Structures are given as C-alpha cells and as structure tokens.
Amino acid sequence: MFAKETYIRRRQQLKATLKSGLLLFLGNDECGMNYADNTYHFRQDSTFLYFFGSDYAGLAAVIDIDEDREIIFGNELTIDDIVWMGTQPTISEKSERVGISETLPMGELKNYLARAAAKGQPIHFLPPYRGDHKLWLSELLGIHPAELAAKSSVPFIRAVVDQRNYKSAEEIAQIEEAVNTSVEMHVTAMRMVRPGVKESEIAAAVTEVAMRQGGNLSFPVIATINGQTLHNHCHSNVLKEGQLFLLDAGAENTMHYAGDLTSTMPVSGHFTERQRTVFDINHRAYTAAVNALKPGVPFRDVHMIAMTEICKGMKELGLLKGDPAEAARIGAYALFMPCGLGHMMGLDVHDMENLGEVYVGYDGQPKSTQFGFKSLRLARPLESGFVFTVEPGIYFIPELIDKWRAEKMYTDFICYDKLDAWKDFGGIRNEEDYLITADGARRLGNHKPSSAEEIEAVCNA
Ligand code: GLY
Ligand code: MN
Ligand code: MN
C-alpha cells in the first residue's frame with residue numbers, strides 16, 4: 001500500500017471536484033467458480049483500491065461530502081472465516097491505514113443510503129461490471145439492474161477518470177515494476193520458442209514469472225501461433241518450423257498495477273523473408289507512432305500515423321493501391337489492423353474500461369462506430385502523466401478478407417486478388433508501454449527486445 005496520505009489526498013481531490021452529494025464505492029467480493037467456497041482468484045475493484053487501498057473482499061465505502069463523513073462498511077471475520085481462511089486486520093485497522101476512522105457493519109449501508117435518499121441527497125455510483133454488484137446495487141438503491149448503467153453518475157465517473165488518468169510518480173514506479181516483470185516474461189518466451197514446444201508450456205512459463213514476483217497476470221495470457229486472432233486464449237497448439245509465435249502477456253505487481261507487452265517471434269529462430277518484411281513494416285509503424293508522442297498530440301493522430309505506415313507497407317507488398325494516407329484516413333487500413341493503436345493502462349490493463357472509453361480515452365467526445373475506428377480506445381490529446389500502450393499489428397484474417405471482398409469494400413484501395421496468397425500468414429504485433437512527460441514521452445520499464453535482430457538474437461542465445 002502507499003502511505004495513508006496518498007489515499008487521503010486522493011479523496012480530498014475527489015471531494016473538491018464533486019463538491020456535494022454522497023459517493024458510493026463497492027469493493028469486490030469473492031466469486032465462486034463452481035460453488036461458493038471454490039473461488040476465482042480475488043481481485044479488488046480498482047477504483048476501490050485507488051481511494052481506499054484495502055485489498056480485501058467484502059468492503060464498501062461512502063464519502064458523504066455534505067455530512068463530511070468517510071465511512072468504510074464491512075463485517076468482522078467470524079471464527080469460521082478465521083478457521084478456514086486465516087485472520088485479517090479488523091475493519092478499523094484496515095480503515096486506519098488509509099486515514100479513515102469511521103467504520104460501520106455492512107448491514108448499516110442500506111440504512112445509511114435510505115436516510116440519505118429520504119433527505120433528498122444525491123447518491124452517486126459508478127456503473128457496475130459484475131453481476132453480484134448489479135444485484136447488490138439494485139437491492140441497496142431500489143433501481144432495476146437493467147437501469148443501473150444509465151443511472152450511474154456521469155460527474156462521479158468523470159471525476160474518478162480525471163484523477164486516475166494522471167499517474168503520480170509513485171504510481172509510475174509501480175507500473176515500471178510491473179512492466180519489468182512483463183519484460184522478463186517476454187524474454188523467457190523468446191528463449192523457449194522452438195519447434196515441438198507447446199503454446200501451453202510457454203503460457204505456463206510466463207505465468208510463473210509473473211507469480212514468482214508475488215503478483216499475478218494483468219490479463220489472461222495470449223500465447224499463440226494464430227496471432228491474427230486478437231484476443232486468442234487457446235493454448236492447445238504445438239509450435240512448428242516456420243511459424244510465427246505471438247505472446248501478448250503482462251504482469252500485475254503486488255500493488256495491482258499492470259504491464260502489457262506483445263512480442264512476435266520466429267519459431268525456427270529466424271524470420272522467413274516474408275515474415276521479416278511484414279515485421280519490419282510493423283516496426284516502422286511502431287517507431288513512427290512512438291516518435292510522434294508528446295503532450296498536446298491527439299492519440300487519434302498517432303494512430304493515423306501508424307496506420308498510414310502500415311498502408312504504405314501494404315502498398316509495397318502489392319496488397320494496397322492508391323494513396324496510403326487516404327487508405328488509412330477512410331478506414332481501409334482496418335483490414336490489416338482492425339483494432340486501435342493503444343489504450344490507457346494503470347490499475348487495470350485497459351485502465352477504467354468499466355467507466356467508459358468515451359470518458360477515459362475521448363474526454364467525453366463521441367467515438368466512431370466504423371469498423372476499425374470503433375476499436376480505438378484512446379483518441380484524446382495526450383497529457384503529461386498519461387500511461388498507455390502503443391501496439392500496432394498487421395493481421396491477415398481469412399474470414400475478414402473474404403467478407404470485405406464479398407462486400408466490395410474499398411475496392412479502389414485493396415488488391416483482393418493478391419490477398420489469397422497471404423491468408424495463411426497469421427499476425428504480428430509489437431506492444432510497449434509509454435508515459436507522457438512534460439515535453440515528450442518515455443518508454444516504461446526495461447528494454448524489451450523488439451527489433452527483428454534483437455528478437456532473433458534472444459531466440460538463438
Ligand atoms: N492485452 C490486451 C491488449 O493488448 O489490449
Ligand atoms: Mn494492450
Ligand atoms: Mn497486450
């Protein structure tokens with residue numbers, strides 16, 4: 001945990017922004033995999049962690065701005081809890097560590113909210129993302145679960161986003177720790193790839209690196225010979241000579257800050273000529289994007305710089321014709337790169353995705369619904385303190401190629417007759433994590449081998 005002053009300061013800033021009303025925070029609870037006592041790995045809600053630090057299940061909190069009260073709600077452990085799960089600090093001790101002196105049993109939360117509602121006090125809550133929270137909020141506030149998202153508080157969402165989007169020096173140190181572990185995960189994989197190794201063996205090895213540091217994964221590992229499938233969690237294949245292997249994996253450190261990196265490596269230790277050409281085009285796009293990072297530049301523009309580079313490269317391969325910048329501008333690039341260039345990262349790997357990309361990545365501005373652009377999660381002008389990923393990729397997705405061809409999409413730009421020969425290529429991505437500084441940008445964490453030469457050198461070491 002950070003020092004209690006950090007949490008006190010964060011709550012003071014939130015109160016100063018919102019000025020009045022009651023703010024309700026629900027901590028996460030244990031969640032049964034197949035019965036109540038056989039639980040998934042516990043993960044505290046990130047906004048709860050940010051303001052209340054407490055990494056325990058079964059807590060909620062209220063900041064009553066009008067009454068100047070900060071209360072943590074929770075129940076003390078029973079002897080059964082202690083016998084089965086071990087002991088914990090008391091609710092008062094947990095609260096004291098973050099500068100809160102008032103605690104109440106969980107059973108009091110509903111009464112507290114009912115009294116506030118009876119007084120006409122606005123109750124601000126965030127959009128719930130777990131089923132049990134939907135039911136709990138519905139029970140607490142008398143709102144139908146289906147209406148909770150629409151009735152969640154936009155001022156509360158915006159105030160939280162406006163704090164969590166700007167990473168402090170102590171948060172950046174935590175993120176760098178997570179990124180350093182993530183780099184170790186990737187180097188581990190580069191040393192392992194060879195024909196005959198199973199995707200599952202590499203997934204297990206990189207998970208071990210993350211867990212050995214005392215933390216965990218920041219998202220389920222993607223370890224695949226089918227890199228063209230963007231979020232592919234199948235690990236059942238055996239690596240074969242000549243294939244590409246894509247690892248998208250990151251660690252979450254003990255403070256729950258995330259790293260998120262992707263590497264693409266040759267199973268045989270050396271890229272084929274065709275793989276190397278596409279790899280280098282993608283690396284050019286990555287470098288062009290990184291060179292454009294600085295405060296004030298909209299990330300949408302950085303995305304377009306990278307997409308233009310990819311379109312130039314596709315033209316060099318004879319897969320695209322016409323003006324590459326125009327092909328990128330109108331969205332034809334999305335055949336090769338259907339996702340966005342990056343996303344905010346912090347306590348969540350896709351930071352605050354639960355609060356809405358429109359607020360986190362678009363500062364409240366509308367988001368495109370067009371295929372490709374709709375998956376750009378970050379578009380707003382960059383500001384000092386933002387932490388995010390840069391992750392261009394080039395993907396050959398046979399089903400998408402066939403669909404676009406049948407629909408005659410962008411036929412002025414895309415050379416469909418040439419694409420049949422590329423349907424077995426797979427996908428390539430490089431992903432690294434960046435901080436915007438006062439006058440530019442800084443890559444976070446230790447260096448990850450990312451050029452073709454560097455990757456081949458580690459694969460063959
Ligand atoms: N790890 C998922 C992503 O890169 O967005
Ligand atoms: Mn990412
Ligand atoms: Mn990733």
Side-chain angles (χ1 to χ4, degrees), residues 127 129 149-150 152 154 157-158 161 165 219-220 222 226-233 248 260 262 282 285-286 288-289 292-293 297-311 314 320 324-346 348-382 386 388-414 419 427-431:
Y129 55 92
S152 62
V154 172
I157 292 171
R158 297 202 71 149
V161 167
N165 257 349
F219 59 93
I222 298 167
N226 290 307
Q228 76 282 4
T229 305
L230 301 177
H231 283 180
N232 184 350
H233 297 133
D248 183 349
D260 182 9
T262 304
N282 192 56
Y286 171 78
L293 299 176
V297 175
F299 196 71
R300 186 197 309 278
D301 293 357
V302 184
H303 175 78
M304 293 320 299
I305 288 168
M307 295 312 105
T308 302
E309 277 305 321
I310 288 174
C311 287
M314 294 303 103
L320 213 69
E326 183 62 5
R329 193 187 65 76
I330 62 173
Y333 75 83
L335 181 62
F336 307 103
M337 163 83 188
C339 54
L341 184 69
H343 51 82
M344 294 288 200
M345 190 184 82
D348 306 310
V349 63
H350 284 201
D351 214 20
M352 295 173 277
E353 189 97 27
N354 59 314
L355 300 182
E357 284 167 7
V358 161
Y359 302 112
V360 179
Y362 283 72
D363 198 20
Q365 301 301 307
K367 202 166 162 247
S368 172
T369 53
Q370 184 183 338
F371 184 80
F373 287 111
K374 73 175 180 188
S375 302
L376 178 59
R377 302 172 195 276
L378 175 59
R380 64 194 290 174
L382 297 170
F386 283 8
F388 54 89
T389 66
V390 177
E391 49 179 305
I394 299 175
Y395 311 100
F396 293 89
I397 305 167
E399 296 83 350
L400 186 61
I401 294 169
D402 290 344
K403 181 170 188 294
W404 276 33
R405 183 176 203 163
E407 292 172 2
K408 302 190 173 21
M409 296 279 284
Y410 306 111
T411 45
D412 289 347
F413 290 95
I414 296 171
L419 271 164
I428 280 181
R429 171 162 73 251
N430 183 57
E431 177 176 24

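Quantities reported herein were computed from a predicted structural model and do not represent experimental measurements. Computation of the quantities below employed the complete heavy-atom set of this structure, encompassing side-chain atoms and omitting hydrogens, waters and symmetry-equivalent molecules.
- Taking the charged nitrogens against the carboxylate oxygens, Glu399 and Lys403 have no contact shorter than 4.0 Å, which rules out a salt bridge.
- Residues Met337 and Met307 meet the side-chain proximity criterion, which asks for heavy atoms closer than 4.5 Å.
- Between Leu355 and Pro127 the shortest side-chain heavy-atom distance falls below 4.5 Å.
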Are Asp348 and Asn354 close enough, and set up right, to give a side-chain contact (heavy atoms from CB on, under 4.5 Å), and what steps lead you there?
CA-CA 9 Å; Asp348 306 310; Asn354 59 314; 4.1 Å; yes
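- Counting all heavy atoms, side chain and backbone alike, Ala334 lies closest to Gly372 at CB-CA, 3.7 Å.
- A heavy-atom distance below 4.5 Å is not found between the side chains of Glu431 and Val390.
- Taking both residues in full, the closest heavy atoms of Leu320 and Ala327 are given as CD2-CB, 4.0 Å, listed atom of the first, atom of the second, then distance.
- In this structure, NE2 in His303 is found 7.0 Å from CG in Leu341, a value given to the nearest 0.5 Å.
- For Asp363 and Arg158, the salt-bridge test passes: some basic side-chain N is under 4.0 Å from an acidic carboxylate O.
- Arg377 CZ to His350 NE2: the interatomic distance, rounded to the nearest 0.5 Å, is 5.0 Å.
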Where do Asn430 and Thr262 land on the side-chain contact (heavy atoms from CB on, under 4.5 Å) test, with the steps shown first?
CA-CA 5 Å; Asn430 183 57; Thr262 304; 5.9 Å; no
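- For the 3.5 Å distance criterion, the side chains of Asp260 and His343 qualify, holding a donor opposite an acceptor.
- At a threshold of 4.5 Å between non-hydrogen side-chain atoms, the residues Leu230 and Arg429 count as touching.
- The shortest side-chain heavy-atom distance between Ile222 and His233 falls under the 4.5 Å cut-off.
- Between Leu293 and Phe388, the closest side-chain pair of non-hydrogen atoms falls below 4.5 Å.
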Test side-chain contact (heavy atoms from CB on, under 4.5 Å) applied to Arg300 and Tyr362, step by step:
CA-CA 10 Å; Arg300 186 197 309 278; Tyr362 283 72; 3.8 Å; yes
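- Using a distance-only test at 3.5 Å, with no hydrogens or angles considered, a donor-acceptor pair links the side chain of Asn282 to the main chain of Pro392.
- Glu391 and Thr389 form a side-chain donor-acceptor contact under 3.5 Å, judged by distance and modelled atom types alone.
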Could you walk me through whether Tyr395 and Phe336 pass the ring pair (Phe, Tyr, Trp, His ring centres under 6.0 Å) check?
CA-CA 5 Å; Tyr395 311 100; Phe336 307 103; over 10 Å; no
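- Here CZ of Phe299 is found 12.5 Å from CE of Met304. Values are rounded to the nearest 0.5 Å.
- In this structure, Ile305 and Ala289 approach most closely via the heavy-atom pair CG2-N, 4.4 Å.
- Scanning both residues, Tyr410 and Ile330, for their nearest heavy atoms gives OH-O, 3.1 Å.
- Taking CZ of Arg405 as the start and CG of Leu400 as the end, the distance is 13.5 Å to the nearest 0.5 Å.
- Side chains of Leu335 and Phe396 form no contact here, defined as non-hydrogen atoms less than 4.5 Å apart.
- The side-chain heavy atoms of Ile397 and Pro338, taken from C-beta on, include a pair separated by under 4.5 Å.
- Minimum heavy-atom separation, Ile157 to Ser152: CD1-OG, 4.0 Å.
- To the nearest 0.5 angstrom, Ile414 atom CD1 is 7.5 Å from Leu419 atom CG.
- Panel note: side chain Asn165, backbone Val360; a donor-acceptor pair is recorded below 3.5 Å.
- One N or O on the side chain of Lys367 and one on the backbone of Lys374 form a donor-acceptor pair closer than 3.5 Å.
- Between Thr308 and Ala325, the shortest heavy-atom distance links the atoms CG2-CA, 3.7 Å.
- In this structure, the side chain of Tyr359 does not engage the main chain of Val154 through any donor-acceptor pair within 3.5 Å.
- Atom CD of Glu407 sits about 11.0 Å away from atom CG of Asp402, to the nearest 0.5 Å.
- Residues that satisfy the ring-ring contact (aromatic ring centres under 6.0 Å, His included) test with Phe373, not counting sequence neighbours, are Tyr333.
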